[in-house]
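Just so we're on the same page: letters track the sequence lines, and every chain starts at 1.
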Amino acid sequence: MDIAALEEIKRLKYRYLRCVDLKRWDEVADTLTADATAEYGTAVNGGPVLRTGREAIVDFLRDTLTPDIITAHSAQQPEIHLDGDTATGTWCFTDTVIATEYDHTMIQGAAFYEDRYARDDDGTWRIRHTGFTRTYEYMVTLGNLPGFRLTADRWAGH
Amino acid sequence: MDIAALEEIKRLKYRYLRCVDLKRWDEVADTLTADATAEYGTAVNGGPVLRTGREAIVDFLRDTLTPDIITAHSAQQPEIHLDGDTATGTWCFTDTVIATEYDHTMIQGAAFYEDRYARDDDGTWRIRHTGFTRTYEYMVTLGNLPGFRLTADRWAGH
Amino acid sequence: MDIAALEEIKRLKYRYLRCVDLKRWDEVADTLTADATAEYGTAVNGGPVLRTGREAIVDFLRDTLTPDIITAHSAQQPEIHLDGDTATGTWCFTDTVIATEYDHTMIQGAAFYEDRYARDDDGTWRIRHTGFTRTYEYMVTLGNLPGFRLTADRWAGH
C-alpha cells in the first residue's frame, strides 16, 4: 500500500475544496489536469453542468461563486484505489451554500463523489475528473426562520 | 505504527457507512463479522436497538431504511488503537435522516462511535461491534419551513 | 513523508475536539503545550477571544461550555506540514452549538483552522496555537421551528 501517494491524493482533494470555498481560483486551477472534466451543479440551477478542461472548470466556478454566494464543501471518508500513476477515489460529501442576496436562501445536501486522479508530468497528483451523485439536497429560506441572524460572512463587503 | 492496518480499518468504516446510505445490503453484510453486534437507533423510534449477528443487523437496516428514508451518515476523526488482529476505534459521527413521506421530517444529530474490529479468517478487517452515544439529536419538519424544496432525492421513484 | 507523525498530529486534533465536546477538561489540557495560544469565539458573544497559556484556555472552555451548551465540533481535510519537531495544520471545520436554556438557539458555521503543533519534551505532539477564520456562521431559534423536538442531549440532568 503506497501510503504516501494516498496522503498526497487526499491532500490534493482537500486543497481543491478549500480553495473553492476561499475563492482562490488560480490555486484551484493548479489542482486540475489540463484536460480535467467536472460534473457539477444542482437541480436548482437547471441541473448538472459538465465542463471540460481546466480553464472551463475554473471559469465556471469563478462566474458562479461570486462573493454573495457563501460555500462550505466537505469531503470525507476517502476510499482511494491506486493503479500506478492514476487513481480513483470515492468520497462522502456534504455542502452548504448560502445566497446572501436572496433572503439567505440555503442549499444543503450530501452526495458521493467519484473522482479520477493522475500523477502529472511534474510528478504532482492532480484531479482528472470530479463529479458526484446527490443523495439528497434541499433548500430553505434561512432569512425567514425565527431568530435568524448571519453572525459571520467572510465575503461581506467584497 | 501499522499505518496500513489503520488505513484498512478506516476504509472499512467508510465502506460500511457508504453502503448503508446507498442501501447496498449485501455489501454492508460483508463489512461485518458473522458474530457482529450493533447498537443503533434513536429515542424517536423507541430507544436504542441491539442486534446480534450479521444477518440480524442487515435485516434491521434493510427493514428500517426503506426508499422513503434518506440517510447521510458521516464518521470523522478516527482514533484507532490496534492490538494484534483486533482493534478499537472512536469516531465523531454526524447524521441526517429525512423521512420524505412524513412532511420531510428531518432528524439531525451527532454522536461518538465506540467500535471494535477484528481481522477475519480471510485476512480482511471487519466490524465486530458498532455503537454510539448521542451528543444531541433533534427533529424538525422541513416541509413546513419557509421556502422549503427537496431538490434532489436519490431514492425518488424507488 | 513522516506518515507516523502526520497520524499522531491528526489524532491529537481529534482528541482535543472530542474532549471539548465531552467536556473532559483535564484531557483537553493534556493536548496543549504549556504556552499554547487560542483564538476562539463568535461575534454572538462579542467577537474573537484570545487566550494565552494552557490554564487560561481550559478555564475559558470550562466556564463557557457549561452543561446547558451542547457542542459538536468537527475538523476535516487536514493539510499538515512538518518541519522537524514543529508543524502547521490547516483544517476545514464545522460546528453546531445548541443553547438548551435559550429556546434551543442553535449556532452553526464553518471555518478554516490554522494551527501550530510542537513535539513536547516528553516526545508527545501538542497544540501550540489554534485559531480559525469563519467562512460563515448563523444562528436560529430551533425551539420555534415547526415540529421541533430535542430527542437526545448527553448533558440533560447534569
Side-chain angles (χ1 to χ4, degrees), chain B residues 1-7 9-10 14 40-48 74-82 88-99 102-114 132-148, chain C residues 1-8 10-24 27 31 65 67-78 91-100 104-106 108 140-156 158:
Chain B
M1 195 183 291
D2 185 344
I3 298 284
L6 294 179
E7 176 72 19
I9 291 170
K10 293 175 192 173
Y14 300 153
Y40 286 117
T42 153
V44 176
N45 288 335
S74 173
Q76 304 126 25
Q77 307 189 179
E79 296 173 82
I80 295 167
H81 297 277
L82 294 166
T88 60
T90 299
W91 302 79
C92 156
F93 171 67
T94 56
D95 60 338
T96 297
V97 175
I98 299 177
Y102 289 89
D103 253 353
H104 300 94
T105 292
M106 179 175 70
I107 299 170
Q108 279 195 323
F112 287 100
Y113 264 110
E114 300 279 350
F132 56 68
T133 304
R134 284 276 179 203
T135 307
Y136 75 90
E137 187 191 82
Y138 71 88
M139 53 190 300
V140 64
T141 311
L142 278 186
N144 289 339
L145 296 188
F148 172 77
Chain C
M1 195 183 291
D2 185 345
I3 298 283
L6 294 179
E7 176 73 18
E8 284 173 37
K10 292 175 192 174
R11 208 176 288 200
L12 162 69
K13 179 78 171 176
Y14 300 153
R15 186 156 45 100
Y16 166 80
L17 291 171
R18 175 172 55 82
C19 291
V20 168
D21 286 345
L22 293 176
K23 307 183 192 298
R24 296 183 182 169
E27 289 179 62
T31 66
L65 303 182
D68 57 312
I69 306 291
I70 303 169
T71 65
H73 295 88
S74 172
Q76 304 125 25
Q77 306 190 181
W91 301 80
C92 157
F93 172 66
T94 56
D95 61 339
T96 297
V97 175
I98 300 177
T100 52
H104 299 94
T105 291
M106 179 174 72
Q108 280 196 323
V140 64
T141 311
L142 277 186
N144 290 338
L145 295 189
F148 171 76
R149 276 174 56 204
L150 188 71
T151 47
D153 175 3
R154 188 167 183 141
W155 311 110
H158 283 73

Worksheet item: Taking every heavy-atom pair that is under 4.5 Å apart, which of B/I80, B/D103, B/T90 has the most such pairs with chain C?
Response: B/I80
Worksheet item: Which bit of C/T100 comes within less than 4.5 Å of chain B, counting heavy atoms only: side chain, backbone, both or neither?
Response: neither
Discussion item. Counting only non-hydrogen atoms closer than 4.5 Å, does B/L142 touch chain C with its backbone (N, CA, C, O), its side chain (CB onward), both, or neither?
Written reply: neither
Fill in: Neighbour count >12 (heavy atoms, 6.0 Å) for atom CZ, C/F148
yes
Item to complete: Evaluate the side chain to side chain contact (heavy atoms under 4.5 Å, CB included) criterion for residues C/S74 and B/Q77: first the C-alpha distance (whole Å), next the side-chain angles of each, then the deciding distance (0.1 Å), finally the verdict.
Response: CA-CA 8 Å; C/S74 172; B/Q77 307 189 179; 3.9 Å; yes
Worksheet item: What do the steps show when you test B/F112 against C/D21 for side chain to side chain contact (heavy atoms under 4.5 Å, CB included), and what is the final call?
Response: CA-CA 10 Å; B/F112 287 100; C/D21 286 345; 4.0 Å; yes
Practice prompt. Could you tell me which portion of C/L150 (side chain, backbone, both or neither) has an atom closer than 4.5 angstrom to a non-hydrogen atom of chain B?
Written response: both
Discussion item. Taking side chain as everything from C-beta outward and backbone as N, CA, C, O, which of these in C/H104 sits under 4.5 Å from a heavy atom of chain B? Side chain, backbone, both or neither.
Written reply: neither
Discussion item. Quick check for you: to the nearest 0.5 Å, what is the distance between B/T135 atom OG1 and C/R18 atom CZ?
Written reply: 11.0 Å
Item to complete: Select one option (side chain, backbone, both, neither) describing which atoms of C/A75 are under 4.5 Å from chain B's heavy atoms.
Response: both
Response to the item:
Counting heavy-atom pairs under 4.5 angstrom with chain C, the leader among B/G143, B/P78, B/A111 is B/P78
Discussion item. Walk me through whether B/H81 and C/R11 qualify under side chain to side chain contact (heavy atoms under 4.5 Å, CB included).
Written reply: CA-CA 11 Å; B/H81 297 277; C/R11 208 176 288 200; 3.7 Å; yes
